[in-house]
Amino acid sequence: MPHLYATSDLHVTHNGNAPLIDEIRPDSPEDWLLVAGDVAERIEAITTTLDTLKQRFAEVVWVPGNHELWTVPRDGNDLRGEARYRHLVQRCRELGVRTPEDEYLVWPHAGRPLTIAPLFLLYDYSWRTPQAEDVSLAEALGQAREANVVCTDEFYLHPDPHPTRQDWCAHRLKVSEQRLDAIPAGHGTVLLSHWPLHRHPTAPLRWPEFALWCGTTRTEDWHLRYRAEVAVFGHLHIPRTTWADGVRFEEVSLGYPREWRKRARGPIPLRRIL
C-alpha cells in the first residue's frame with residue numbers, strides 16, 4: 001500500500017540541514033510527498049532540492065512558504081511578489097512537481113477519495129494577542145516591535161502588484177475558495193498549506209505576537225467546510241500532531257539546526273501522513 005508523506009521548513013541553506021535531505025526517502029516508489037514550504041530562499045536551492053525529491057517519490061506536491069517568496073540580494077534574482085511566485089510555479093512544472101496552480105491530485109488509498117489541495121494563502125494580520133484585538137494594524141505591529149518581534153517578511157516579502165500582503169492574501173483566499181468549492185462532495189481532503197489554517201497550533205509560540213504573521217481568521221472553519229481528513233502545514237517550527245473539531249492537524253517542519261538539536265528526538269525531516 002503506498003504511503004503519503006510530508007515535510008516542510010527544510011531550510012536547506014542552513015548549515016546542518018542539507019545532509020538531512022538524504023533521509024527523505026519513500027518506502028516504495030509509489031509513495032507521494034507533500035512539501036509545505038520554506039525549502040529555501042534562493043531559487044536554485046529550492047528547485048535543486050525539489051528535483052532531488054521528485055526523483056525519489058511518485059508525486060511531489062509543493063506550496064510556497066514565506067521564505068520562498070523573499071526577494072533577497074544573495075539570490076541573484078530580483079523578481080518580487082506574484083512574479084516570483086509564478087516563476088517558482090513554472091520551475092516546479094518543469095520538474096514535474098505539483099503546485100497550487102495545478103490540477104488537484106486524488107489520493108485513492110483511503111476509505112474515501114481524498115483530494116489533495118495545495119493552498120497558497122499568506123496571512124492578513126488578523127491573529128492578534130488580546131492586547132491587540134481592538135487596535136489598528138499599525139498599533140498591533142507597534143506592540144510586536146516593542147516585544148522585539150518583527151517577522152523578516154516585513155523587509156523581504158513584497159506583495160507586488162498587490163498594494164499590501166493583506167490584499168494578496170485576500171486574492172489568494174478567493175482563488176482557493178473557488179477551487180475548493182469545486183471538489184466533489186463525496187471527496188474528503190488533505191489540506192496542504194505553509195501557514196496553519198486554524199489558530200490553535202500557535203498557542204505554544206514563545207512570542208505570541210508572532211501569530212500576526214501566521215494565518216488568517218478567514219480559514220478557521222476550512223477543515224470542516226472542506227471535509228478535511230488531515231490538515232498539513234509548517235511555518236511554526238513546532239512539529240507535532242493536534243486536533244480540532246475531530247480533525248487531525250500535522251505540523252511537519254524540520255526547522256533550523258539550533259531548534260532540532262535541542263530536541264531529544266533530534267531532527268525529523270519526514271513524517272508519514274497516511
Side-chain angles (χ1 to χ4, degrees), residues 6-11 34-41 46 61-70 81-82 84-85 88 99-101 116-129 137 140-141 144 149-154 156-159 162 164-177 179-180 189-223 225-226 228 230-242 244 247-255 271:
T7 188
S8 78
D9 296 76
L10 295 172
H11 297 291
L34 310 180
V35 183
D38 277 9
V39 175
E41 295 82 23
I46 297 164
V61 184
W62 165 85
V63 295
N66 51 316
H67 284 243
E68 278 104 339
L69 300 173
W70 287 357
E82 187 81 34
R84 182 176 177 86
Y85 170 60
L88 286 167
T99 78
E101 306 309 310
I116 297 178
L119 305 170
F120 166 38
L121 301 175
L122 284 163
Y123 51 86
D124 60 6
Y125 303 99
S126 57
W127 287 356
R128 308 282 188 93
T129 62
L137 175 57
L141 291 171
V149 178
V150 179
C151 183
T152 309
D153 292 1
E154 297 296 316
Y156 293 136
L157 204 169
H158 307 288
H162 306 278
T164 66
R165 282 181 286 278
Q166 303 97 290
D167 292 305
W168 197 4
C169 176
H171 170 71
R172 291 304 313 179
L173 287 166
K174 181 179 180 181
V175 169
S176 300
E177 283 181 311
R179 297 199 63 192
L180 290 168
T189 60
V190 176
L191 300 179
L192 172 66
S193 57
H194 178 66
W195 295 271
L197 300 177
H198 194 273
R199 178 75 182 266
H200 81 270
T202 68
L205 285 174
R206 184 175 180 182
W207 295 282
E209 294 83 3
F210 188 72
L212 281 168
W213 294 276
C214 292
T216 169
T217 57
R218 291 181 57 183
T219 61
E220 290 277 287
D221 69 342
W222 281 22
H223 60 293
R225 180 177 168 188
Y226 296 115
V230 58
V232 179
F233 61 99
H235 189 58
L236 303 180
H237 294 197
I238 309 174
R240 60 183 183 139
T241 302
T242 56
V247 177
R248 178 162 53 105
F249 284 72
E250 295 284 358
E251 209 281 15
V252 297
S253 60
L254 171 62
R271 295 268 295 279

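Computed from heavy atoms alone, side chains included, the values below leave out hydrogens, waters and symmetry copies. Computed from a prediction, not measured in an experiment: that's the story for all the values here.
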Quick check against the 3.5 Å criterion: does N66 have a side-chain atom that pairs as donor or acceptor with the backbone of D38? no
Examine distances only and state if a side-chain atom of R179 and a backbone atom of P100 form a donor-acceptor pair shorter than 3.5 Å. yes
Measure from the side-chain N and O atoms of T242 to the backbone N and O of P201, and report whether any donor-acceptor pair falls under 3.5 Å. no
What's the separation between atom CG in L69 and atom CH2 in W168, rounded to the nearest 0.5 Å? 5.0 Å
Less than 4.5 Å apart, any side-chain heavy atom of T164 and any of Y125? no
Is any side-chain heavy atom of P204 less than 4.5 Å from a side-chain heavy atom of R240? yes
Spatial distance of atom NE2 (H11) from atom NE2 (H237) [nearest 0.5 Å]: 3.5 Å
Flag side-chain contact, heavy atom, 4.5 Å: R218 against E177: yes
For residues P64 and Y85, determine if any side-chain heavy atom of one lies less than 4.5 Å from a side-chain heavy atom of the other. yes
Quick check against the 3.5 Å criterion: does R225 have a side-chain atom that pairs as donor or acceptor with the backbone of T219? no
Identified side chain to side chain contact (heavy atoms under 4.5 Å, CB included) counterpart of L122 within the set D153, L157, D167, L173: L157
Are F233 and H198 an aromatic pair by the rule of ring centers under 6.0 Å? no
D9 vs H194 side-chain heavy atoms within contact, under 4.5 Å: yes
Counting distance only, does the side-chain N/O of T99 pair as donor-acceptor with the main-chain N or O of E101 below 3.5 Å? yes
Aromatic ring proximity W70/H67, centre distance under 6.0 Å: yes
When you measure from the side chain of H235 to the backbone N and O of W213, does any donor-acceptor pair fall under 3.5 Å? yes
Measure the CD-CD1 distance between E41 and I46 for me, rounded to the nearest 0.5 Å. 7.5 Å
Supply the atom-to-atom distance L191 CG to L180 CG, rounded to the nearest 0.5 angstrom. 6.5 Å
Salt bridge (charged side-chain N to carboxylate O under 4.0 Å, His left out) partners of R199, counting only residues at least two apart: none
Who pairs with H158 by ring-ring contact (aromatic ring centres under 6.0 Å, His included), at least two apart in sequence or on another chain? none
Is a salt bridge present between R271 and E251, judged by a nitrogen-to-oxygen distance below 4.0 Å? no
Donor-acceptor pair, side chain of S253 and main chain of G234, under 3.5 angstrom: no
Gap separating the OG1 atom of T216 from the CH2 atom of W195, nearest 0.5 angstrom: 12.0 Å
Residues at least two apart in sequence or cross-chain that pass salt bridge (charged side-chain N to carboxylate O under 4.0 Å, His left out) with R248, listed by chain then number, are E250
Under a 4.5 Å cut-off applied to non-hydrogen side-chain atoms, are L119 and Y226 in contact? no
